[in-house]
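Naming convention: chains lettered A, B, ... in sequence-line order (proteins, then strands); numbering from 1 in each chain.
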Number of protein chains: 2
Amino acid sequence: MANTKKMDYVLLGLLSHEPMTGYEMKKRLDTTLRFFWGGSYGSIYPTLNQLEKEGKVTKEDTSSNGREKLSYSITDCGKDALIEWLAKPVEKDELRYETLLKLFFGNETGMEGAMEHIERFEEKCKDELVVLNMFAENLGQYLEDDTHKHYYLTVKFGIKTYEAYLEWCREAKEQIKEWTKK
Amino acid sequence: MANTKKMDYVLLGLLSHEPMTGYEMKKRLDTTLRFFWGGSYGSIYPTLNQLEKEGKVTKEDTSSNGREKLSYSITDCGKDALIEWLAKPVEKDELRYETLLKLFFGNETGMEGAMEHIERFEEKCKDELVVLNMFAENLGQYLEDDTHKHYYLTVKFGIKTYEAYLEWCREAKEQIKEWTKK
DNA sequence: TTTATCATATATCGGTTTGATATATTTGTC
DNA sequence: GACAAATATATCAAACCGATATATGATAAA
(Lines give C-alpha, C1' and ligand atoms only; values in the text may rest on other atoms or scores of the structure.)
Protein backbone atom coordinates (compact mmCIF):
# COMPACT_ATOMS: atom_id res chain seq x y z
CA MET A 1 0.00 0.00 0.00
CA ALA A 2 1.01 3.63 -0.47
CA ASN A 3 2.65 5.70 2.23
CA THR A 4 0.23 6.25 5.07
CA LYS A 5 2.65 7.92 7.45
CA LYS A 6 1.08 11.14 8.64
CA MET A 7 4.21 12.97 9.75
CA ASP A 8 5.44 13.07 6.14
CA TYR A 9 2.52 15.24 5.11
CA VAL A 10 2.58 17.40 8.21
CA LEU A 11 6.17 18.39 7.48
CA LEU A 12 5.56 18.78 3.74
CA GLY A 13 2.57 20.95 4.57
CA LEU A 14 4.60 23.21 6.85
CA LEU A 15 7.32 23.50 4.20
CA SER A 16 4.70 24.38 1.56
CA HIS A 17 4.20 27.62 3.50
CA GLU A 18 7.89 28.49 3.82
CA PRO A 19 11.33 26.88 4.29
CA MET A 20 12.24 26.17 7.89
CA THR A 21 14.28 24.06 10.31
CA GLY A 22 13.16 21.00 12.27
CA TYR A 23 13.21 23.09 15.40
CA GLU A 24 10.85 25.63 13.88
CA MET A 25 8.52 22.83 12.78
CA LYS A 26 8.33 21.60 16.34
CA LYS A 27 7.43 25.11 17.46
CA ARG A 28 4.63 25.28 14.90
CA LEU A 29 3.29 21.95 16.11
CA ASP A 30 3.36 23.25 19.69
CA THR A 31 1.62 26.53 18.90
CA THR A 32 -0.37 26.89 15.70
CA LEU A 33 -1.25 23.22 15.14
CA ARG A 34 -1.41 22.15 18.74
CA PHE A 35 -5.23 22.26 18.88
CA PHE A 36 -5.61 19.48 16.34
CA TRP A 37 -2.21 17.81 15.78
CA GLY A 38 1.01 17.03 17.64
CA GLY A 39 4.53 15.88 16.87
CA SER A 40 7.81 15.12 18.63
CA TYR A 41 11.46 15.52 17.71
CA GLY A 42 11.64 11.76 17.64
CA SER A 43 9.47 11.73 14.54
CA ILE A 44 10.45 15.08 13.00
CA TYR A 45 14.19 14.61 12.45
CA PRO A 46 14.13 11.03 11.15
CA THR A 47 11.23 11.91 8.83
CA LEU A 48 13.13 14.92 7.51
CA ASN A 49 16.09 12.70 6.59
CA GLN A 50 13.79 10.19 4.91
CA LEU A 51 12.00 12.91 2.92
CA GLU A 52 15.37 14.23 1.74
CA LYS A 53 16.41 10.76 0.53
CA GLU A 54 13.10 10.51 -1.34
CA GLY A 55 13.75 13.87 -2.99
CA LYS A 56 10.68 15.50 -1.48
CA VAL A 57 12.67 18.11 0.43
CA THR A 58 16.14 19.67 0.10
CA LYS A 59 18.45 20.46 2.99
CA GLU A 60 20.59 23.60 3.12
CA ASP A 61 23.19 24.34 5.75
CA THR A 62 22.47 27.86 7.00
CA SER A 63 24.66 27.67 10.10
CA SER A 64 26.20 30.89 11.36
CA ASN A 65 28.80 31.50 14.10
CA GLY A 66 29.09 27.79 14.79
CA ARG A 67 25.38 27.45 15.59
CA GLU A 68 24.21 24.45 13.58
CA LYS A 69 21.18 25.21 11.44
CA LEU A 70 19.69 23.07 8.67
CA SER A 71 17.00 24.76 6.62
CA TYR A 72 14.61 22.55 4.64
CA SER A 73 12.64 23.41 1.50
CA ILE A 74 9.94 21.49 -0.34
CA THR A 75 10.64 20.26 -3.90
CA ASP A 76 8.19 19.91 -6.81
CA CYS A 77 8.11 16.18 -6.13
CA GLY A 78 7.30 16.88 -2.49
CA LYS A 79 4.54 19.29 -3.45
CA ASP A 80 3.02 16.66 -5.73
CA ALA A 81 2.98 14.13 -2.89
CA LEU A 82 1.33 16.68 -0.61
CA ILE A 83 -1.34 17.63 -3.13
CA GLU A 84 -2.10 13.97 -3.80
CA TRP A 85 -2.57 13.34 -0.09
CA LEU A 86 -4.70 16.46 0.41
CA ALA A 87 -7.13 15.29 -2.27
CA LYS A 88 -7.66 11.90 -0.64
CA PRO A 89 -10.53 11.50 1.83
CA VAL A 90 -9.67 11.70 5.51
CA GLU A 91 -8.82 8.33 7.07
CA LYS A 92 -9.30 9.06 10.75
CA ASP A 93 -10.35 11.86 13.09
CA GLU A 94 -9.52 10.91 16.60
CA LEU A 95 -10.08 12.17 20.12
CA ARG A 96 -7.95 10.94 23.02
CA TYR A 97 -9.42 12.60 26.07
CA GLU A 98 -8.05 11.26 29.32
CA THR A 99 -10.56 13.46 31.13
CA LEU A 100 -13.43 11.52 29.60
CA LEU A 101 -11.70 8.24 30.39
CA LYS A 102 -11.39 9.16 34.06
CA LEU A 103 -14.97 10.36 34.06
CA PHE A 104 -16.22 7.16 32.46
CA PHE A 105 -14.52 4.95 35.05
CA GLY A 106 -15.29 7.39 37.84
CA ASN A 107 -17.77 5.16 39.65
CA GLU A 108 -14.72 3.84 41.54
CA THR A 109 -14.00 7.23 43.08
CA GLY A 110 -17.46 8.73 43.31
CA MET A 111 -18.96 11.94 42.00
CA GLU A 112 -16.53 14.17 43.91
CA GLY A 113 -13.67 12.83 41.81
CA ALA A 114 -15.67 13.41 38.63
CA MET A 115 -16.42 16.96 39.75
CA GLU A 116 -12.73 17.71 40.29
CA HIS A 117 -11.76 16.49 36.83
CA ILE A 118 -14.53 18.53 35.24
CA GLU A 119 -13.43 21.66 37.08
CA ARG A 120 -9.80 21.24 36.02
CA PHE A 121 -10.93 20.64 32.46
CA GLU A 122 -13.07 23.78 32.61
CA GLU A 123 -10.11 25.92 33.65
CA LYS A 124 -7.95 24.57 30.85
CA CYS A 125 -10.69 25.21 28.30
CA LYS A 126 -11.04 28.80 29.43
CA ASP A 127 -7.30 29.34 28.98
CA GLU A 128 -7.33 27.77 25.52
CA LEU A 129 -10.28 29.93 24.49
CA VAL A 130 -8.37 33.09 25.40
CA VAL A 131 -5.47 32.01 23.18
CA LEU A 132 -7.74 31.00 20.30
CA ASN A 133 -9.67 34.26 20.44
CA MET A 134 -6.40 36.17 20.23
CA PHE A 135 -5.41 34.09 17.21
CA ALA A 136 -8.74 34.84 15.52
CA GLU A 137 -8.42 38.55 16.20
CA ASN A 138 -4.90 38.75 14.81
CA LEU A 139 -5.82 36.68 11.77
CA GLY A 140 -8.69 38.99 10.94
CA GLN A 141 -6.16 41.48 9.55
CA TYR A 142 -4.66 39.08 7.03
CA LEU A 143 -7.70 37.45 5.50
CA GLU A 144 -6.83 38.49 1.92
CA ASP A 145 -4.17 35.77 2.03
CA ASP A 146 -5.35 32.24 1.22
CA THR A 147 -3.07 30.54 3.72
CA HIS A 148 -4.52 32.69 6.48
CA LYS A 149 -8.06 31.93 5.35
CA HIS A 150 -7.44 28.23 5.93
CA TYR A 151 -5.78 28.95 9.24
CA TYR A 152 -8.75 31.09 10.22
CA LEU A 153 -11.22 28.26 9.60
CA THR A 154 -9.31 25.91 11.90
CA VAL A 155 -9.14 28.54 14.63
CA LYS A 156 -12.89 29.02 14.32
CA PHE A 157 -13.26 25.27 14.74
CA GLY A 158 -11.26 25.43 17.96
CA ILE A 159 -13.34 28.29 19.34
CA LYS A 160 -16.61 26.52 18.58
CA THR A 161 -15.52 23.31 20.24
CA TYR A 162 -14.05 24.89 23.36
CA GLU A 163 -17.20 26.94 23.81
CA ALA A 164 -19.18 23.71 23.58
CA TYR A 165 -16.87 22.08 26.12
CA LEU A 166 -17.49 24.93 28.56
CA GLU A 167 -21.23 24.61 28.08
CA TRP A 168 -20.96 20.90 28.79
CA CYS A 169 -18.90 21.59 31.93
CA ARG A 170 -21.60 23.88 33.32
CA GLU A 171 -24.38 21.39 32.54
CA ALA A 172 -22.44 18.39 33.86
CA LYS A 173 -21.67 20.17 37.13
CA GLU A 174 -25.33 21.11 37.47
CA GLN A 175 -26.36 17.51 36.79
CA ILE A 176 -23.96 16.11 39.39
CA LYS A 177 -25.21 18.58 41.99
CA GLU A 178 -28.76 17.40 41.35
CA TRP A 179 -27.75 13.76 41.60
CA THR A 180 -25.85 14.17 44.84
CA LYS A 181 -28.31 16.36 46.77
CA LYS A 182 -31.03 13.72 46.51
CA MET B 1 8.76 7.28 37.38
CA ALA B 2 5.56 5.35 38.01
CA ASN B 3 3.64 3.53 35.34
CA THR B 4 2.32 5.99 32.78
CA LYS B 5 0.98 3.44 30.33
CA LYS B 6 -2.62 4.30 29.57
CA MET B 7 -3.81 0.93 28.31
CA ASP B 8 -3.27 -0.60 31.77
CA TYR B 9 -5.91 1.67 33.25
CA VAL B 10 -8.30 1.38 30.33
CA LEU B 11 -8.40 -2.40 30.76
CA LEU B 12 -8.54 -2.22 34.56
CA GLY B 13 -11.39 0.27 34.21
CA LEU B 14 -13.35 -2.03 31.92
CA LEU B 15 -12.78 -4.96 34.28
CA SER B 16 -13.94 -2.84 37.22
CA HIS B 17 -17.40 -2.93 35.61
CA GLU B 18 -17.44 -6.69 34.99
CA PRO B 19 -15.17 -9.61 34.03
CA MET B 20 -14.64 -10.04 30.30
CA THR B 21 -12.37 -11.34 27.54
CA GLY B 22 -9.85 -9.38 25.47
CA TYR B 23 -12.18 -9.66 22.52
CA GLU B 24 -15.01 -8.07 24.47
CA MET B 25 -12.71 -5.26 25.60
CA LYS B 26 -11.90 -4.49 21.99
CA LYS B 27 -15.61 -4.31 21.24
CA ARG B 28 -16.15 -1.86 24.10
CA LEU B 29 -13.35 0.32 22.77
CA ASP B 30 -14.95 0.24 19.32
CA THR B 31 -18.45 1.10 20.52
CA THR B 32 -18.91 2.68 23.95
CA LEU B 33 -15.50 4.33 24.32
CA ARG B 34 -14.85 5.04 20.68
CA PHE B 35 -15.81 8.72 20.94
CA PHE B 36 -12.94 9.51 23.27
CA TRP B 37 -10.52 6.58 23.36
CA GLY B 38 -9.24 3.77 21.13
CA GLY B 39 -7.25 0.57 21.42
CA SER B 40 -5.98 -2.29 19.31
CA TYR B 41 -5.47 -6.03 19.85
CA GLY B 42 -1.76 -5.35 19.65
CA SER B 43 -1.91 -3.52 22.94
CA ILE B 44 -4.80 -5.33 24.61
CA TYR B 45 -3.45 -8.90 24.72
CA PRO B 46 0.13 -8.11 25.75
CA THR B 47 -1.14 -5.68 28.41
CA LEU B 48 -3.50 -8.34 29.76
CA ASN B 49 -0.59 -10.77 30.18
CA GLN B 50 1.50 -8.12 31.88
CA LEU B 51 -1.33 -7.18 34.26
CA GLU B 52 -1.74 -10.83 35.19
CA LYS B 53 1.96 -11.16 36.01
CA GLU B 54 1.65 -8.04 38.19
CA GLY B 55 -1.29 -9.59 40.03
CA LYS B 56 -3.71 -6.86 38.97
CA VAL B 57 -6.00 -9.22 37.07
CA THR B 58 -6.70 -12.97 37.16
CA LYS B 59 -7.22 -15.16 34.12
CA GLU B 60 -9.81 -17.94 33.97
CA ASP B 61 -10.21 -20.41 31.14
CA THR B 62 -13.89 -20.43 30.24
CA SER B 63 -13.53 -22.23 26.92
CA SER B 64 -16.45 -24.29 25.71
CA ASN B 65 -16.75 -26.64 22.73
CA GLY B 66 -13.11 -26.08 21.82
CA ARG B 67 -13.63 -22.32 21.35
CA GLU B 68 -10.81 -20.70 23.27
CA LYS B 69 -12.04 -18.15 25.77
CA LEU B 70 -10.04 -16.46 28.52
CA SER B 71 -12.07 -14.42 30.97
CA TYR B 72 -10.26 -11.77 33.02
CA SER B 73 -11.23 -10.31 36.40
CA ILE B 74 -9.80 -7.41 38.36
CA THR B 75 -8.10 -8.09 41.73
CA ASP B 76 -8.01 -5.88 44.83
CA CYS B 77 -4.48 -4.89 43.89
CA GLY B 78 -5.70 -3.95 40.41
CA LYS B 79 -8.55 -1.92 41.83
CA ASP B 80 -6.10 -0.04 44.05
CA ALA B 81 -3.95 0.83 41.05
CA LEU B 82 -7.01 2.02 39.13
CA ILE B 83 -8.26 4.20 42.00
CA GLU B 84 -4.82 5.71 42.44
CA TRP B 85 -4.68 6.63 38.76
CA LEU B 86 -8.22 8.02 38.73
CA ALA B 87 -7.35 10.42 41.55
CA LYS B 88 -4.35 11.85 39.70
CA PRO B 89 -4.83 14.94 37.53
CA VAL B 90 -5.22 14.34 33.79
CA GLU B 91 -1.92 14.44 31.90
CA LYS B 92 -3.11 15.06 28.37
CA ASP B 93 -6.27 15.60 26.37
CA GLU B 94 -5.52 15.29 22.72
CA LEU B 95 -7.22 15.84 19.39
CA ARG B 96 -5.84 14.29 16.19
CA TYR B 97 -8.10 15.56 13.45
CA GLU B 98 -6.84 14.80 9.98
CA THR B 99 -9.72 16.86 8.62
CA LEU B 100 -8.31 19.98 10.26
CA LEU B 101 -4.83 19.12 9.05
CA LYS B 102 -6.03 18.90 5.43
CA LEU B 103 -8.00 22.09 5.90
CA PHE B 104 -5.01 23.93 7.35
CA PHE B 105 -2.75 22.99 4.43
CA GLY B 106 -5.57 23.40 1.94
CA ASN B 107 -4.14 26.45 0.20
CA GLU B 108 -2.36 23.96 -2.06
CA THR B 109 -5.65 22.59 -3.38
CA GLY B 110 -7.89 25.64 -3.16
CA MET B 111 -11.21 26.24 -1.45
CA GLU B 112 -13.03 23.52 -3.40
CA GLY B 113 -10.88 20.91 -1.70
CA ALA B 114 -11.57 22.44 1.69
CA MET B 115 -15.28 22.44 0.94
CA GLU B 116 -15.25 18.74 0.10
CA HIS B 117 -13.50 17.80 3.33
CA ILE B 118 -15.94 19.88 5.36
CA GLU B 119 -18.90 18.23 3.67
CA ARG B 120 -17.58 14.73 4.30
CA PHE B 121 -16.91 15.69 7.90
CA GLU B 122 -20.43 17.04 8.23
CA GLU B 123 -21.96 13.77 7.08
CA LYS B 124 -19.87 11.77 9.51
CA CYS B 125 -20.86 14.07 12.38
CA LYS B 126 -24.54 13.66 11.58
CA ASP B 127 -24.17 9.88 11.70
CA GLU B 128 -22.31 9.98 14.99
CA LEU B 129 -24.94 12.26 16.49
CA VAL B 130 -27.68 9.76 15.66
CA VAL B 131 -25.76 7.01 17.48
CA LEU B 132 -24.99 9.22 20.47
CA ASN B 133 -28.61 10.35 20.80
CA MET B 134 -29.69 6.72 20.83
CA PHE B 135 -27.15 5.98 23.55
CA ALA B 136 -28.44 8.90 25.62
CA GLU B 137 -32.05 7.81 25.22
CA ASN B 138 -31.32 4.22 26.25
CA LEU B 139 -29.19 5.35 29.18
CA GLY B 140 -32.02 7.53 30.50
CA GLN B 141 -33.72 4.38 31.82
CA TYR B 142 -30.79 3.28 33.96
CA LEU B 143 -29.74 6.49 35.66
CA GLU B 144 -30.18 5.11 39.19
CA ASP B 145 -26.98 3.17 38.60
CA ASP B 146 -23.74 5.07 39.26
CA THR B 147 -21.82 3.45 36.39
CA HIS B 148 -24.51 4.59 33.97
CA LYS B 149 -24.46 8.10 35.39
CA HIS B 150 -20.80 8.42 34.46
CA TYR B 151 -21.44 6.90 31.06
CA TYR B 152 -24.28 9.37 30.58
CA LEU B 153 -22.03 12.36 31.21
CA THR B 154 -19.54 11.24 28.55
CA VAL B 155 -22.34 10.69 26.02
CA LYS B 156 -23.61 14.19 26.76
CA PHE B 157 -20.12 15.46 26.08
CA GLY B 158 -20.14 13.74 22.70
CA ILE B 159 -23.51 15.18 21.78
CA LYS B 160 -22.46 18.72 22.73
CA THR B 161 -19.27 18.53 20.71
CA TYR B 162 -20.78 17.00 17.59
CA GLU B 163 -23.53 19.61 17.63
CA ALA B 164 -20.81 22.27 17.80
CA TYR B 165 -18.98 20.60 14.91
CA LEU B 166 -22.13 20.74 12.79
CA GLU B 167 -22.59 24.39 13.61
CA TRP B 168 -19.02 25.06 12.58
CA CYS B 169 -19.54 23.15 9.32
CA ARG B 170 -22.50 25.35 8.40
CA GLU B 171 -20.63 28.54 9.24
CA ALA B 172 -17.42 27.48 7.50
CA LYS B 173 -19.32 26.58 4.32
CA GLU B 174 -21.08 29.94 4.44
CA GLN B 175 -17.74 31.71 4.92
CA ILE B 176 -16.12 29.92 1.99
CA LYS B 177 -19.06 30.76 -0.27
CA GLU B 178 -18.65 34.43 0.64
CA TRP B 179 -14.91 34.34 -0.01
CA THR B 180 -15.21 32.64 -3.39
CA LYS B 181 -18.05 34.65 -4.90
CA LYS B 182 -16.07 37.90 -4.56
C1' DT C 1 32.50 40.07 34.88
C1' DT C 2 31.23 35.85 35.62
C1' DT C 3 27.60 32.89 36.11
C1' DA C 4 23.18 31.15 35.50
C1' DT C 5 19.30 30.60 32.69
C1' DC C 6 16.78 30.48 28.63
C1' DA C 7 16.26 29.95 23.60
C1' DT C 8 18.08 27.80 19.54
C1' DA C 9 19.21 23.59 17.25
C1' DT C 10 20.12 18.59 16.00
C1' DA C 11 19.72 13.92 17.20
C1' DT C 12 18.72 9.35 19.34
C1' DC C 13 16.57 5.77 22.35
C1' DG C 14 13.23 3.01 24.84
C1' DG C 15 8.69 2.20 25.35
C1' DT C 16 3.82 2.56 23.76
C1' DT C 17 0.44 2.00 20.30
C1' DT C 18 -1.51 1.17 15.75
C1' DG C 19 -2.91 -1.46 11.84
C1' DA C 20 -2.61 -5.46 9.53
C1' DT C 21 -2.42 -10.10 9.51
C1' DA C 22 -2.46 -15.17 10.92
C1' DT C 23 -5.00 -18.84 12.85
C1' DA C 24 -8.99 -21.51 14.25
C1' DT C 25 -13.67 -22.51 15.70
C1' DT C 26 -18.71 -21.59 15.96
C1' DT C 27 -22.91 -19.58 14.41
C1' DG C 28 -26.08 -18.08 11.11
C1' DT C 29 -27.78 -17.86 6.35
C1' DC C 30 -28.87 -19.06 1.57
C1' DG D 1 -23.95 -28.40 2.53
C1' DA D 2 -21.48 -24.31 1.42
C1' DC D 3 -20.25 -19.81 2.60
C1' DA D 4 -19.91 -15.75 5.19
C1' DA D 5 -19.82 -13.55 9.56
C1' DA D 6 -18.85 -13.47 14.36
C1' DT D 7 -16.01 -15.10 18.17
C1' DA D 8 -11.48 -15.43 20.05
C1' DT D 9 -6.34 -15.23 20.80
C1' DA D 10 -2.02 -13.65 19.33
C1' DT D 11 2.02 -11.42 16.99
C1' DC D 12 4.86 -8.10 14.12
C1' DA D 13 6.58 -4.11 11.69
C1' DA D 14 6.05 0.49 11.52
C1' DA D 15 4.74 4.83 13.62
C1' DC D 16 4.93 7.84 17.30
C1' DC D 17 5.78 9.97 21.97
C1' DG D 18 8.44 11.54 25.81
C1' DA D 19 12.61 12.04 27.69
C1' DT D 20 17.16 12.86 27.30
C1' DA D 21 21.90 14.10 25.49
C1' DT D 22 24.65 17.53 23.46
C1' DA D 23 26.21 22.11 22.25
C1' DT D 24 26.06 27.09 21.22
C1' DG D 25 24.22 31.94 21.49
C1' DA D 26 21.75 35.52 23.90
C1' DT D 27 20.22 37.72 27.94
C1' DA D 28 19.85 38.96 32.56
C1' DA D 29 21.15 38.88 37.31
C1' DA D 30 24.76 38.67 40.99
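With sequence neighbours left out, A:W37 forms a ring-ring contact (aromatic ring centres under 6.0 Å, His included) with no residue at all. Partners of B:Y23 under the ring-ring contact (aromatic ring centres under 6.0 Å, His included) rule, at least two apart in sequence or in another chain, do not exist in this structure. By the salt bridge (Lys or Arg N to Asp or Glu O under 4.0 Å) test, A:D145 pairs with no residue at all, sequence neighbours left out. For B:Y45, the ring-ring contact (aromatic ring centres under 6.0 Å, His included) test picks out B:Y41, with sequence neighbours left out. Looking at residues two or more places apart in sequence or on another chain, you find no side-chain hydrogen bond (donor to acceptor under 3.5 Å, both in side chains) involving A:D127.
In this structure, the CD1 atom of B:I44 is 12 Å from the P atom of D:dA10, given to the nearest Å. In this structure, B:D93 places its CG atom 16 Å from P of D:dC17, rounding to the nearest Å. A:R34 places its CZ atom 14 Å from the P atom of D:dG18, with the value rounded to the nearest Å. Nucleotide D:dC16 holds its C1' atom 16 Å from the CG atom of A:L48, rounded to whole Å. To the nearest angstrom, C1' of C:dT12 lies 16 Å from CD of A:Q50. Separating the CG atom of B:L29 from the C1' atom of C:dG19 is a distance of 15 Å, rounded to the nearest angstrom. Between B:K92 atom NZ and D:dG18 atom C1' the separation is 9 Å, expressed in whole Å. With rounding to whole Å, B:K26 atom NZ is found 15 Å from D:dA6 atom P.
Of the candidate nucleotides D:dC17, D:dA15, D:dT11, D:dA15 has the atom lying nearest to any side-chain atom of A:K5.
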Can you name the atoms? Protein N/O to nucleotides 2-4 of chain D N/O, anything below 3.5 Å, with the distance.
none

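Note on A:R96: a side-chain N or O is less than 4.0 Å away from OP1 or OP2 of C:dT18. Distances shown here put every side-chain N or O of B:S43 at or beyond 4.0 Å from the OP1 or OP2 atom of C:dT17.
Among the protein residues, A:K6 comes within range of the sugar-phosphate backbone only, with heavy atoms under 4.0 Å from sugar or phosphate atoms but none that close to a base.
Ion pairing between a basic and an acidic side chain is recognised when a charged N comes within 4.0 Å of a carboxylate O; B:D93 and A:K124 show such pairing. A salt bridge between A:E171 and B:K156 is absent, with no side-chain N of the basic residue lying under 4.0 Å from a carboxylate O of the acidic one.
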Side chains of residues 13-20 of chain A: which donor-acceptor pairs under 3.5 Å do they make with residues two or more places apart or in other chains?
residue	atom	partner	partner atom	Å
A:S16	OG	A:G13	O	2.6
A:E18	OE2	A:R28	NH2	2.9

Show me the donor-acceptor pairs, under 3.5 Å and distance only, between side chains in residues 112-123 of chain A and residues at least two apart or in other chains.
residue	atom	partner	partner atom	Å
A:H117	NE2	B:L86	O	2.7
A:E122	OE1	A:K173	NZ	2.8

statement: Per-nt protein contacts along nucleotides 3-11 of chain C (heavy atom under 4.0 Å; B base, S backbone sugar-phosphate only, - none) come out as ----BBBBB
